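Working notes, beginning with the structure itself.
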Amino acid sequence: LSGASAEGRCTYTNRVWRLPSMTAVRPEGRVAFEYEGHEVTQDYRFRIDSGIDPMIVKPLIPEPKAQRVFDDLNFGQPPRVTGEIRWRWFSPELTTVQVAVAATNVTYRGEHVDSAQARLGYGGGFLSVGDARVRDGSQWVTVDGFAYDAAAGLISFTNAVSTFAPWRVTRSIGPLVHKTMSPYEFVEPPLVHVNGVIGVRGDPSRNDIRFDAESAGTFRWWKLQAKGVRASVLSIGSRLYVTNIDAGFHSGRLRGGLEFERGRNEDNRLKINTELQDVELGALVADLSERTNRLEGRLSGTFRVDDGLTS
C-alpha cells in the first residue's frame, strides 16, 4: 500500500503500535484511519473512512477466486468506504473485512449503474453483501442479503427485488445463469423477486433458486408471446420449472406451467401443461406457423406435452 503523503500521531506501548488519527493522501483522494498493531500476536486492525480507490486492499485478500470480484468492479470515481479491516501477518486466511460502501458511476461485469450502496463483509473466502441498493435511471435493485462462497463456488440471494431488465441481472451473475434464462424475454423490465442458491462453475446440480416475476408488458418465449405476465421460475439442479403462469394471450388467457430438463449432448426434455381460455385462433396459429392459411374463431382447451425432446 502506498500514498503521496501521510500525517498523524503514533504511540508505542507494550509492543503495541497505535496510530489513532492518521490521514493519508493518494492521487485520487484521501483516507482517514486508525491503526493498531500487536508485535507479539502479529494481529493488526485498521478502521477507515476512505475516499480512495478500494482496489488497494485487493492484495490483502488471499483467495484468488475472491479477488475476481475486485477484477469485475470498476468505479468511475472513488467510493466512500467506512469500516474495519483485520488481519494477521503470515496468516492471510484470518483476514476479515467489514465495511459500508456508497458509490456512483459503477460498472460490474460490464453493467453500468448510476449509484450503489451496501454493507460488505469478507472472511475465510466468504463474501457477504447486505442492505444493497442499486439504481440506474428508473431501474433499481434492492438486496437484503447476497453471499459468495469462493470455496464452494456458490452464490446466494435473500429477498432480492429488481426492476432491472432481466438480462442485465443474469449477465452480472454469470454466463451459465444468463444462458439458462436467455430464452425468456421481457420486452419491458418486470418486477422480479429472487431467493435461493446457484452454482457458478458450470455445474447446475446445486442450483436451488426461485425467480417470481410480473410485468404489464410483452413476454416472449420460443415462437410465443404474451402480455400482462405473472410467473415463477425455479432452477433446481438440472431442471427448470416455470409455474403459476397467468398471462394475457392473443385476446384470451393462458395459465399453467412447464418443466425443462437439461440433458447430456444438448438433448433436453420438455413438459408442458397449460390451459387456454378464449384465445384468438388465427393470431395463435400465425405465431406458430409460417403458413398463410387464414383461420378464425376462439380457442379454449388444454395443451399438454408429457415428454417432449428439444435440442
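Below, each value reflects all heavy atoms present in this structure, side chains not excepted, and no hydrogens, waters or symmetry copies. These figures come from a predicted structure and were not determined experimentally. Residue numbers run from 1 in the order of the sequence given.
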### Message
Can you confirm whether Arg168 sits close enough to Asp136 that some side-chain heavy atom of one is under 4.5 Å from a side-chain heavy atom of the other?
### Response
yes

### Query
Using the ring of each side chain (for Trp, its six-membered ring), is Trp17 parallel, tilted or perpendicular to Tyr12, with breaks at 30° and 60°?
tilted

### Query
Does Arg210 come within less than 4.0 Å of Asp212, counting only side-chain N to carboxylate O?
yes

### Message
I need the minimum non-hydrogen distance between Ala231 and Val242, along with the two atoms involved.
### Response
CB-CG1, 4.3 Å

### Query
In Å, rounded to the nearest 0.5 Å, how long is the span from CG of Leu73 to OG1 of Thr107?
9.0 Å

### Query
Is Val31 reachable from Tyr44 through a run of I, L, V, M, F, W or Y residues, each pair having side-chain heavy atoms under 4.5 Å apart?
yes

### Message
Using only atom types and a distance under 3.5 Å, with no angle test, would you say the side chain of Arg88 pairs donor to acceptor with the backbone of Glu93?
### Response
no

### Query
Between Val81 and Val101, what is the shortest heavy-atom contact and its length?
CG2-CG2, 4.2 Å

#### Entry: For the student: nearest non-hydrogen atoms of Gly217 and Ser215, plus distance
N-OG, 3.0 Å

### Message
According to a hydrophobic-cluster definition based on side-chain heavy atoms being under 4.5 Å apart (Ile, Leu, Val, Met, Phe, Trp, Tyr only), do Phe75 and Val134 belong together?
### Response
yes

### Message
So that I can tick it off, tell me whether Arg253 and Asp278 are bridged by a salt bridge, with the cut-off set at under 4.0 angstrom between side-chain N and carboxylate O.
### Response
no

#### Entry: Asp72 bridged to Arg109 by N-O distance under 4.0 Å
yes

### Query
Which distance, rounded to the nearest 0.5 Å, do you find between the CD of Gln225 and the CG of Leu254?
12.5 Å

### Query
For the residue pair Phe33 and Phe46, does the interplanar ring angle fall in the parallel (under 30°), tilted (30 to 60°) or perpendicular (over 60°) class?
perpendicular

### Query
Salt-bridged, Glu261 to Arg269, with N to O below 4.0 Å?
no

### Message
Tell me whether the count of non-hydrogen atoms from other residues, nucleotides or ligands lying under 6.0 Å of CZ in Arg304 goes above 12.
### Response
no

### Query
Do Asp43 and Arg86 come close enough that some side-chain heavy atom pair is under 4.5 Å?
no

### Message
Quick one: does any side-chain atom of Thr96 pair with a main-chain N or O of Gly123 as donor and acceptor, under 3.5 Å?
### Response
no

### Query
Are Tyr108 and Val113 linked, directly or through other ILVMFWY residues, by side chains that come within less than 4.5 angstrom of each other?
yes

### Query
How far apart are the C-alpha atoms of Glu275 and Arg255, what are their side-chain angles, what is the distance that settles it, and do they pass the salt bridge (Lys or Arg N to Asp or Glu O under 4.0 Å) test?
CA-CA 5 Å; Glu275 177 186 355; Arg255 295 183 175 90; 5.6 Å; no

### Message
Restricting to non-hydrogen atoms, name the atom on Ile52 and the atom on Arg30 that form the minimum distance, rounded to 0.1 Å.
### Response
CG2-N, 3.4 Å

### Query
Do the side chain of Arg298 and the main chain of Ser251 share a donor and acceptor less than 3.5 angstrom apart?
yes

### Summary
With Leu258 as partner, the option from Val305, Thr243, Ile272 fulfilling side-chain contact (heavy atoms from CB on, under 4.5 Å) is Ile272

### Message
Taking Gly196's backbone N and O only, do any of them form a donor-acceptor pair with Asp208's side chain (distance below 3.5 Å, no angle check)?
### Response
no

### Task
Check step by step if side chain to side chain contact (heavy atoms under 4.5 Å, CB included) holds for Phe186 and Val192.
CA-CA 11 Å; Phe186 286 92; Val192 179; 5.8 Å; no

### Task
Indicate yes or no for a side-chain donor-acceptor contact from Arg206 to the backbone of Ala152 under 3.5 Å, with no hydrogens or angles considered.
yes

### Query
Sub-3.5 Å donor-acceptor pair from the side chain of Asn207 to the main-chain atoms of Gly199, do we have one?
yes

### Query
Hey, does the side chain of Gln139 reach the backbone of Ala165 with a donor-acceptor pair shorter than 3.5 angstrom?
yes

### Message
Would Asn105 and His112 count as a side chain to side chain contact (heavy atoms under 4.5 Å, CB included) here? Give the steps.
### Response
CA-CA 7 Å; Asn105 191 21; His112 171 271; 2.8 Å; yes

#### Entry: Flag if over 12 foreign heavy atoms under 6.0 Å of CZ, Arg230
no

### Task
Could you tell me whether a side-chain N or O of Thr163 sits under 3.5 Å from a main-chain N or O of Trp140, the two making a donor and an acceptor?
yes

#### Entry: Residues in ring pair (Phe, Tyr, Trp, His ring centres under 6.0 Å) contact with Tyr241, at least two apart in sequence or another chain
none

### Separation of His38 NE2 from Asn14 CG (nearest 0.5 Å)
10.5 Å

### Query
Rounded to the nearest 0.5 Å, how far apart are CG of Leu284 and CZ of Phe249?
5.0 Å

### Message
Ignoring hydrogens, what is the shortest heavy-atom contact between Gly51 and Pro78? Give both atom names and the distance.
### Response
O-CB, 3.1 Å

#### Entry: Distance, nearest 0.5 Å, that separates CZ of Phe126 from CG of Asp149
6.0 Å

### Summary
Between Ile155 and Phe146 the two heavy atoms that sit nearest each other are CG2-CE1, 3.3 Å

### Query
Can you check side chain to side chain contact (heavy atoms under 4.5 Å, CB included) on Gln42 and Phe90, steps first, answer last?
CA-CA 8 Å; Gln42 298 291 293; Phe90 311 114; 4.2 Å; yes

### Query
Rounded to the nearest 0.5 Å, how far does CD of Glu188 lie from CZ of Phe219?
12.5 Å

#### Entry: Worked verdict on Glu111 versus Trp167 for side chain to side chain contact (heavy atoms under 4.5 Å, CB included)
CA-CA 10 Å; Glu111 290 302 320; Trp167 62 266; 3.5 Å; yes

### Path from Val279 to Phe303 over hydrophobic side-chain contacts below 4.5 Å
yes

